[in-house]
Amino acid sequence: MNMILLNPGPVNVSERVRQALLRPDICHRESEFTDLLGRIQHKLLAAFVPGAESDYVAVLLTGSGTAAVESAVMSCLPMAKRMLVLNNGVYGERLSSMVGLHRLGVSELKSEWHIKPDPERVRLALRQHPEVHAVSMVHHETTTGLINPVKEIAEVVDSLNRVFVLDSVSGLAGEPIDIAGSHIYMVAGTAGKCIQGFPGVSFVLLRKGFLERMRNYPKRSWYLNLTHYIDDQGKGIVPFTPAVQIYYAFEEALSELLEEGVANRFQRYKRAAVRIRERMATLGVTTLLPSDSLSNTITAFHLPPGISYATLHDQLKARGYVIYAGQGQLESKIFRIANMGALTELQIDGFLGAFEEVVTGAVARA
Ligand SMILES: *Cc1c(COP(=O)(O)O)cnc(C)c1O
């Protein structure tokens, strides 16, 4: 049975993207791969830093989104400097853990999971802590579906001459963001969420001015060292065997994104999210976050009274729909519906019909 995936990645892909997996087997040390790599980089820059393509490089990694995030985090700190992590969810927490694990200095500004970080607190922290070299944050906190104030935080970080590193793994192609205009040095993304490719390839968009500084920093990983990739990419190769077929599909997904238009993609996702939220509201199912914090692609809802997550999940799955649980402290309280991926309105409506059937059935039995 073909499942409709309402989880935040992997997502349902189009038939066109799936067919791209079937292209010829190639060697990654041959010109065919160099050309493919070049086309993907070109399309990534056109999609995410339009008009400033020459100021950024796109580094591709074989690995899930975490590989890109970790490579950015490990590559951006000189010796004996610290990173300030703005933590308001599971993925912010993960940023801290990564930095800590590598015994790099880490400080945190924590906020509750439904609260956005305050740019003025960041400004104060940076003024008080000259040893902080970089600030990292999650763009779209997948834990709750909250959008963090990227532009405001980036402005503070830039005005105090620090490096801003952004995990936009679940944000890119789902949410508006002005990477070049906000002077963001590093943004991590993945093929397998809002770009509608397969999981297995991720990327970092890196500002060229910073690249030169980064070369002098200690190397902290063999596989995830960004300068190694950049130097090889300059020669049209990658240092390690790439997931060639996933790259084929990634290129196709980027072509689809550019044909649809990045802004139209946001709008399509937003329409789907609004459709889901409105129908849920008529069923008395409420959102965890206030409407001004909500993303275009994930909604965390309170579990309706009288139905456990397991029951809701299993009954929907039996009807062909995969929903997503809460994480951490929210595990027993919420469920999440993501509307990323190549989904039609008809499929969304099909899900909403199934949801209504399951929930009203459970209430009638209770
Ligand atoms: C999904 C996600 C990741 C990690 O991605 P993987 O592909 O599972 O490694 C990192 N950050 C955020 C915000 C995410 O949503």
Side-chain angles (χ1 to χ4, degrees), residues 8-9 59-113 117 122 125-126 129-144 146 148 153 157 162-172 184-193 199-206 210-211 213-230 238-240 243 326-331:
V59 185
L60 280 112
L61 301 156
T62 289
S64 77
T66 308
V69 176
E70 197 160 4
S71 73
V73 162
M74 279 190 294
S75 305
C76 72
L77 285 179
M79 204 74 99
K81 290 284 188 179
R82 295 179 86 80
M83 177 177 279
L84 176 68
V85 177
L86 311 185
N87 170 357
N88 61 345
V90 167
Y91 292 93
E93 191 77 41
R94 191 179 282 184
L95 281 170
S96 285
S97 306
M98 277 175 191
V99 186
L101 185 74
H102 291 283
R103 297 180 193 283
L104 304 171
V106 60
S107 314
E108 271 188 311
L109 262 185
K110 268 198 187 193
S111 357
E112 286 184 63
W113 284 6
V122 177
L126 292 180
H129 294 282
E131 74 282 11
V132 169
H133 178 79
V135 176
S136 67
M137 187 176 80
V138 174
H139 177 192
H140 173 206
E141 221 350 311
T142 314
T143 320
T144 51
L146 177 137
N148 274 323
I153 300 285
V157 174
R162 305 313 213 282
V163 178
F164 192 37
V165 181
L166 191 68
D167 168 354
S168 190
V169 171
S170 64
L172 290 179
I184 303 176
Y185 285 32
M186 290 175 140
V187 180
T190 189
K193 294 193 184 184
V201 51
S202 56
F203 58 90
V204 178
L205 304 174
L206 188 89
F210 180 58
L211 169 60
R213 285 162 60 192
M214 215 175 73
R215 286 187 193 286
N216 304 316
Y217 302 166
K219 294 190 183 6
R220 301 180 169 101
S221 164
W222 193 258
Y223 191 73
L224 297 176
N225 181 252
L226 280 181
T227 50
H228 192 173
Y229 282 83
I230 292 161
V238 287
F240 312 104
Q327 280 165 297
Q329 72 214 34
L330 294 173
E331 201 179 333

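Computed from a predicted model, the values in this text were never measured in an experiment. Every heavy atom of this structure was used, including side-chain atoms; hydrogens, water molecules and symmetry mates were not.
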*asked:* Please give me the minimum heavy-atom distance between Y229 and L61, naming the atom from each residue.
replied: CZ-CD2, 3.2 Å
*Worked check of side-chain contact (heavy atoms from CB on, under 4.5 Å) between M137 and F164*: CA-CA 8 Å; M137 187 176 80; F164 192 37; 4.0 Å; yes
*Do you know which two heavy atoms are closest between G92 and V138, and how far apart they sit?*
N-CG2, 3.6 Å
*asked:* Using 0.5 Å steps for rounding, measure from the CZ atom of R162 to the OG atom of S136.
replied: 13.5 Å
*Going by the salt bridge (charged side-chain N to carboxylate O under 4.0 Å, His left out) test, which pairs reach into residues 69-83, not counting sequence neighbours?*
none
*Return the minimal non-hydrogen interatomic distance between A67 and L224, and the atom names on each side.*
O-CD2, 3.8 Å
_Please check this pair: side chain of Y185 against backbone of L166, looking for a donor-acceptor N/O pair closer than 3.5 Å._
no
_Closest contact, heavy atoms only, A68 versus S71_ = O-OG, 2.9 Å
*Using modelled atom types only, decide if a donor and an acceptor are shared between the side chain of S202 and the backbone of G63 within a distance under 3.5 Å.*
yes
*Would you list the pairs meeting salt bridge (charged side-chain N to carboxylate O under 4.0 Å, His left out) in which at least one residue belongs to residues 83-94, sequence neighbours left out?*
E93-K110
*Walk me through it: do M83 and M98 pass the test side-chain contact (heavy atoms from CB on, under 4.5 Å)?*
CA-CA 11 Å; M83 177 177 279; M98 277 175 191; over 6 Å; no
*Please, which pairs that meet salt bridge (charged side-chain N to carboxylate O under 4.0 Å, His left out) have at least one residue in residues 214-228, sequence neighbours excluded?*
E212-R215, R215-D231
*T190 OG1 to F203 CZ distance, which is reported to the nearest 0.5 Å*: 7.0 Å
_Parallel, tilted or perpendicular, judged at 30° and 60°: which one describes the rings of Y217 and H133?_
perpendicular
*Going through the checks in order, is the side-chain contact (heavy atoms from CB on, under 4.5 Å) test met by V90 and W113?*
CA-CA 9 Å; V90 167; W113 284 6; 3.7 Å; yes
*Can you sort out the partners of E112 under side chain to side chain donor-acceptor pair (under 3.5 Å), two or more places apart, ordered by chain and number?*
none
*Does some side-chain heavy atom of M186 sit less than 4.5 Å from a side-chain heavy atom of C76?*
yes
_Spatial distance of atom CG (L330) from atom OG1 (T144) [nearest 0.5 Å]_ = 8.0 Å
*What's the verdict on side-chain contact (heavy atoms from CB on, under 4.5 Å) for V238 and F240, showing C-alpha distance, side-chain angles and the deciding distance?*
CA-CA 6 Å; V238 287; F240 312 104; over 6 Å; no
_Non-hydrogen atoms of K193 and G9 that approach each other most closely_ = CG-CA, 4.2 Å
*Residue list, side chain to side chain donor-acceptor pair (under 3.5 Å) with T142, at least two apart or on another chain*: S170
_Side-chain heavy-atom pair H102, V73 within 4.5 angstrom cut-off_ = no
_Non-hydrogen side-chain atoms of L95 and N87 separated by less than 4.5 Å_ = no
*side-chain contact (heavy atoms from CB on, under 4.5 Å) with N148: which of S111, P117, S168?*
P117
*From NE2 (H140) to CG (L146), nearest 0.5 Å*: 8.0 Å
*Of all the heavy-atom pairs spanning P239 and H228, show the shortest one and how long it is.*
CB-NE2, 3.6 Å
*Out of curiosity, L226 CG to L206 CG, how far, rounded to the nearest 0.5 Å?*
6.5 Å
*How would you list, by chain and number, every residue that makes a salt bridge (charged side-chain N to carboxylate O under 4.0 Å, His left out) with E108, sequence neighbours excluded?*
none
*asked:* Would you compute the distance between atom CG of N216 and atom OG1 of T227 and round it to the nearest 0.5 angstrom?
replied: 10.0 Å
_Within the 4.5 Å heavy-atom criterion, are Y91 and T143 side-chain neighbours or not?_
yes
